[in-house]
Chemist: 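Here it is, the structure, as structure tokens.
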Amino acid sequence: MDNENQLIHARKEKLGRLLEMGTNPFPTKAERSHQIKNILDDPGASIDNKISLDVVGRIRSLRKMGKASFCHIEDETGKIQIYIKRDDIGQEKYKIFKQCDLGDFVHVKGFVFYTQTNELSIHAEEFTFLAKAIRPLPVVKEKIEDGKKVVYDQFADKELRYRKRYLDLLLNPEVKETFKTRSKIIKMMREFLDARGYIEVETPILQPLYGGAAAQPFVTKHNKLEMELYLRIADELYLKRLIIGGFEKVYEVCKDFRNEGMDRTHNPEFTQIELYEAYADYNDIMDLVEDMLAGIAHEVCGTLKIKYDKHIIDLTKPWQRRPMLELIKEYAGIDVENSNMDELLAFCKEHEIELDVKNFGKIIDEIFKRFVEDNLIQPTFVIDYPKEISPLAKSKPENPQLVERFEIFIGGLELGNCFSELNDPIDQRERLESQAKQRKLGDVEANEVDEDFLEAMEYGMPPTGGLGLGIDRIVMLFTNSHNIKDVILFPQMRQDSHNE
RNA sequence: GGGCCAGUAACUCAGUGGUAGAGUAUCGCCCUUUUAAGGCGAGAGUCGAAGGUUCGAAUCCUUCCUGGCUCACCA
């Protein structure tokens with residue numbers, strides 16, 4: 001057996017025995033008359049008349065005795081106990097059954113009955129292999145004690161759970177619930193927007209120029225075209241081209257890619273929903289975000305007072321809308337609006353805030369992050385950002401230093417970002433050129449000028465409200481998850497050195 | 001990138017300088033209503049990797065790998 005694991009070896013031997021007995025361990029077809037939940041919900045007819053049912057599933061527990069055995073099999077809908085007796089299915093079939101292991105897929109034909117301990121079970125009349133597992137599942141056992149489920153030897157190693165998510169899903173049922181909820185949230189977002197007359201679109205992931213956010217991209221290459229391409233960091237500039245093209249309400253559920261650090265709220269590929277609505281402004285979009293997220297919370301969490309970490313978060317509308325500079329005054333104690341550059345720099349030095357680029361916008365942004373963000377537990381629209389850090393947003397008429405922009409914070413998580421979109425092509429060109437200059441000065445996250453996008457805007461773009469919402473973080477909030485890895489099925493991991 | 005913690009059997013873990021352990025799982029025998037099934041017996045390990053100290057290292061030291069938490073970074 002060399003260095004082959006003895007557990008795998010034992011299962012391969014059973015596989016061999018099945019073949020010797022003329023049994024196909026991997027047949028092409030499976031008979032199923034009922035999903036397990038149907039039987040658990042309504043066992044009546046089969047019990048009374050011993051009508052045979054066909055169920056399929058995976059063996060999740062196994063208690064083999066001399067001439068009779070019990071096991072539980074599980075399909076996507078639930079788990080049911082099987083009682084299998086030699087004298088009922090015959091010596092040959094029982095011998096085949098004895099080659100079963102935890103994790104095998106099987107078919108059972110039988111009728112429903114209650115055991116002595118009053119557990120609804122299936123009395124097997126036929127037994128068939130559907131697929132043999134040759135690698136053992138981690139052994140997790142559970143027991144009901146005082147009505148509560150006690151789990152023994154839980155599959156808990158986070159690294160294994162993330163790397164082998166299929167095992168995590170199988171062995172930690174609450175994980176499956178999280179991802180069902182994720183699916184539901186995205187579905188509800190689509191329904192919400194569709195009902196408002198939005199259409200869903202798809203725009204390029206491979207882009208010759210990246211833009212729409214301040215971030216570093218992943219770079220790739222098209223062989224035949226001999227050109228560099230970037231994986232998109234945002235969808236913004238393409239969706240705006242669609243607004244220019246005459247669509248008035250568009251959205252895209254999009255994977256975006258940012259080549260930056262990873263932590264509990266950042267994965268290099270993440271999912272946003274971006275939407276653009278012509279003739280709307282950022283106030284309209286705030287209303288939309290409130291309606292959409294409160295509606296989802298109501299449906300998914302069953303309440304508007306949701307629990308996240310140590311907090312109870314009240315999503316009852318309306319949510320507070322607070323100017324960024326006002327929040328800075330409140331939490332950092334500095335009136336940035338009436339401070340000059342020297343005073344701002346002195347403040348940063350005093351609080352050891354490091355600045356790579358020294359302009360009004362960046363400084364304010366840094367102070368905000370340091371002093372304010374973590375305090376924004378209850379839903380808060382932070383409104384009116386500095387112009388320098390918002391090159392795609394329209395200036396406020398009464399204060400051109402600020403733009404009509406908001407970010408929505410809940411539970412200390414930044415969930416989304418929105419502008420009254422800049423639609424003045426002259427102003428837009430100046431802003432992008434200013435960004436390009438910042439880039440030359442060493443700001444690796446500033447974008448280059450996208451001439452094709454500017455040309456599109458020169459043909460005329462209506463006033464538009466635009467939004468990007470981080471779906472992963474919204475799922476974190478609504479499932480009380482505290483790491484983005486827990487809401488992404490296959491989070492980014494380093495190469496596994498054990499498996500080389 | 002910094003700090004702290006962890007990596008020992010398939011899973012969950014004990015083992016702080018002297019022959020690698022337990023429970024579950026596996027294998028064999030017994031067991032026809034069990035459910036963390038039970039009884040008896042057996043086998044199973046590059047102790048994350050590589051160096052070093054030592055008569056002797058899972059254990060002490062160094063470097064590295066992987067992960068977790070946290071800080072920094074990050075629209």
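By convention in this document, chain letters (A, B, ...) are assigned in the order of the sequence lines, proteins followed by strands, and residues within each chain are numbered from 1.
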Chemist: Give me the distance, rounded to whole Å, that separates B:rG17 from B:rG1 when you measure between the P atoms they each carry.
Modeler: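 One P to the other, the span is 34 Å.
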Chemist: Taking the minimum atom-to-atom distance to the side chain of A:Lys158, which one of B:rU34, B:rG68, B:rA10 wins?
Modeler: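 Looking only at heavy atoms from C-beta outward on A:Lys158, the closest nucleotide is B:rG68.
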Chemist: When rounded to the nearest Å, what value does the distance between P atoms of B:rC47 and B:rA10 take?
Modeler: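 It comes out at 12 Å once rounded to the nearest Å.
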Chemist: Which base, if any, makes a Watson-Crick or G-U wobble pair with B:rC60, both distances under 3.5 Å?
Modeler: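 B:rC60 is paired, partner B:rG52.
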Chemist: Would you say the base of B:rG23 and the side-chain of A:Asp153 have a donor-acceptor pair closer than 3.5 Å?
Modeler: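 Side chain to base: pair found, below 3.5 Å.
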Chemist: Between the base of B:rU34 and the side chain of A:Gln81, is one N or O donor paired with an acceptor at under 3.5 angstrom?
Modeler: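 Indeed there is one.
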Chemist: Determine the interatomic distance between C1' on B:rG2 and the same-named atom on B:rU26; round to the nearest Å.
Modeler: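 Nearest-Å result for B:rG2 against B:rU26 at atom C1': 45 Å.
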Chemist: Where the side chain of A:Glu260 is concerned, which of B:rA36, B:rC74, B:rA75 is the nearest nucleotide?
Modeler: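 My answer, after comparing the listed nucleotides, is B:rC74.
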Chemist: Does A:Glu119 offer a backbone N or O that forms a donor-acceptor pair with the side chain of A:Ser121 under 3.5 Å?
Modeler: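 Pair found, side chain donor or acceptor close to backbone of A:Glu119.
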Chemist: Give me the distance, rounded to whole Å, that separates B:rC31 from B:rG38 when you measure between the C1' atoms they each carry.
Modeler: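 Comparing C1' positions in B:rC31 and B:rG38 gives a spacing of 8 Å.
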Chemist: Measure from the side chain of A:Lys369, starting at C-beta and using heavy atoms only, and say which of B:rU26, B:rC69, B:rC74 lies closest.
Modeler: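 Within the option list, the nearest is B:rC74.
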Chemist: Touch check for A:Phe368, heavy atoms < 4.0 angstrom, all strands: base, sugar-phosphate only, or nothing?
Modeler: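 No contact.
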Chemist: Counting any heavy atom closer than 4.0 Å, what does A:Ala156 reach on the DNA or RNA strands: base, sugar-phosphate only, or nothing?
Modeler: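 Sugar-phosphate contact only.
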Chemist: Between B:rU26, B:rG67, B:rU33, which nucleotide has the shortest distance from any of its atoms to the side chain of A:Arg494?
Modeler: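 Between B:rU26, B:rG67, B:rU33, the one nearest the side chain of A:Arg494 would be B:rG67.
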Chemist: With both distances kept under 3.5 Å, what pairs with B:rA36, Watson-Crick or G-U wobble?
Modeler: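 The base-pairing partner of B:rA36, which may sit in any strand shown, does not exist here.
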Chemist: Name the pairing partner of B:rU66, where a pair is Watson-Crick or G-U wobble with both distances under 3.5 Å, or state none.
Modeler: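 Here B:rU66 is engaged in a pair, and the nucleotide opposite it is B:rA6.
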Chemist: Once you apply the 3.5 Å cut-off to both distances, tell me the Watson-Crick or G-U wobble partner of B:rC27, or none.
Modeler: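 When the pairing criteria are applied, B:rG41 turns out to be the nucleotide that pairs with B:rC27.
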Chemist: Taking only the P atom of each, what is the distance from B:rC61 to B:rG68 in whole angstrom?
Modeler: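 One P to the other, the span is 25 Å.
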Chemist: For B:rU63 and B:rC71, measure between their P atoms and round to the nearest Å.
Modeler: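 Looking at atom P only, B:rU63 and B:rC71 are 26 Å apart.
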Chemist: Under 3.5 Å for both donor-acceptor distances, Watson-Crick or wobble: does B:rG1 have a partner, and if so which one?
Modeler: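 By the stated definition (distances under 3.5 Å), B:rC71 pairs with B:rG1.
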Chemist: So, A:Asp365 and A:Lys362, do they make that salt bridge, N to O below 4.0 Å?
Modeler: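 Here A:Asp365 does not pair with A:Lys362 in a salt bridge, since their nearest N and O are not under 4.0 Å apart.
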Chemist: Once you apply the 3.5 Å cut-off to both distances, tell me the Watson-Crick or G-U wobble partner of B:rU12, or none.
Modeler: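 Pairing partner: B:rA22.
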Chemist: Tell me whether A:Glu252 is salt-bridged to A:Arg232, with the criterion being a basic N under 4.0 Å from an acidic carboxylate O.
Modeler: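 Looking at A:Arg232 together with A:Glu252, the answer is yes, because their closest N to O distance falls below 4.0 Å.
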Chemist: Students often get this wrong, so: under 4.0 angstrom with heavy atoms, is A:Ser61 touching a base, only sugar-phosphate, or nothing?
Modeler: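 The residue A:Ser61 makes no contact with any strand.
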Chemist: Taking only the side-chain heavy atoms of A:Ala214 (C-beta and beyond), determine which of B:rG67, B:rA75, B:rU34 contains the nearest atom.
Modeler: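 So the nucleotide nearest the side chain must be B:rA75.
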Chemist: Take atom CG of A:Asn172 and atom P of B:rC11, then tell me their distance rounded to the nearest Å.
Modeler: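 Rounded to the whole Å, the gap is 14 Å.
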Chemist: Heavy atoms from C-beta onward define the side chain here; which of B:rA75, B:rC31, B:rG67 lies closest to that of A:Met65?
Modeler: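 The nucleotide sitting nearest to the side chain is B:rC31.
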Chemist: Would you call the rings of A:His482 and A:Tyr308 parallel, tilted or perpendicular, taking 30° and 60° as the class edges?
Modeler: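 Tilted, since the angle between the ring planes falls between 30° and 60°.
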Chemist: Looking only at side-chain atoms of A:Lys141, point me to the closest of B:rU33, B:rC31, B:rA25.
Modeler: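 The listed nucleotide nearest to A:Lys141's side chain is B:rA25.
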Chemist: Would A:Lys437 and A:Glu433 pass as an ion pair if we require N to O under 4.0 Å?
Modeler: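 The answer is no: the pair does not qualify as a salt bridge.
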Chemist: Taking the side chain of A:Gln116 as its heavy atoms from C-beta onward, which of B:rU26, B:rU33, B:rC69 lies nearest to it?
Modeler: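 When the side chain of A:Gln116 is considered, B:rU33 is the closest of B:rU26, B:rU33, B:rC69.
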Chemist: Are the side chain of A:Asn49 and the backbone N or O of A:Ile51 linked by a donor-acceptor pair below 3.5 Å?
Modeler: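 Not at all, since once roles are kept as given, no pair shorter than 3.5 Å links the two residues.
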Chemist: Rounded to whole angstroms, how far apart are CG on A:Leu167 and C1' on B:rA10?
Modeler: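 Atom CG in A:Leu167 sits about 11 Å away from atom C1' in B:rA10.
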Chemist: Considering only B:rA10, B:rC31, B:rG67, which nucleotide approaches the side chain of A:Lys67 most closely?
Modeler: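 Closest of the options to the side chain of A:Lys67: B:rC31.
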Chemist: Between B:rA75, B:rC74, B:rU12, which nucleotide has the shortest distance from any of its atoms to the side chain of A:Phe419?
Modeler: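 Nucleotide nearest to A:Phe419's side chain: B:rA75.
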Chemist: Of A:Arg60, A:Lys132, A:Lys14, which meets salt bridge (charged side-chain N to carboxylate O under 4.0 Å, His left out) against A:Asp104?
Modeler: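 Between A:Asp104 and the candidates, salt bridge (charged side-chain N to carboxylate O under 4.0 Å, His left out) is satisfied uniquely by A:Lys132.
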Chemist: A:Ile73 has an atom CD1; how far is it from atom P of B:rU34, in whole Å?
Modeler: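 The answer, rounded to whole Å, is 20 Å.
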Chemist: B:rU53 and B:rU16: how far apart are their P atoms, nearest whole angstrom?
Modeler: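 B:rU53 and B:rU16 have their P atoms separated by 25 Å.
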Chemist: Mind checking the P distance from B:rU19 to B:rA6? Whole angstroms is fine.
Modeler: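 Approximately 24 Å lies between the P atom of B:rU19 and that of B:rA6.
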Chemist: Do A:Asp263 side-chain and B:rC73 base share a donor-acceptor contact under 3.5 Å?
Modeler: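 Pair found.
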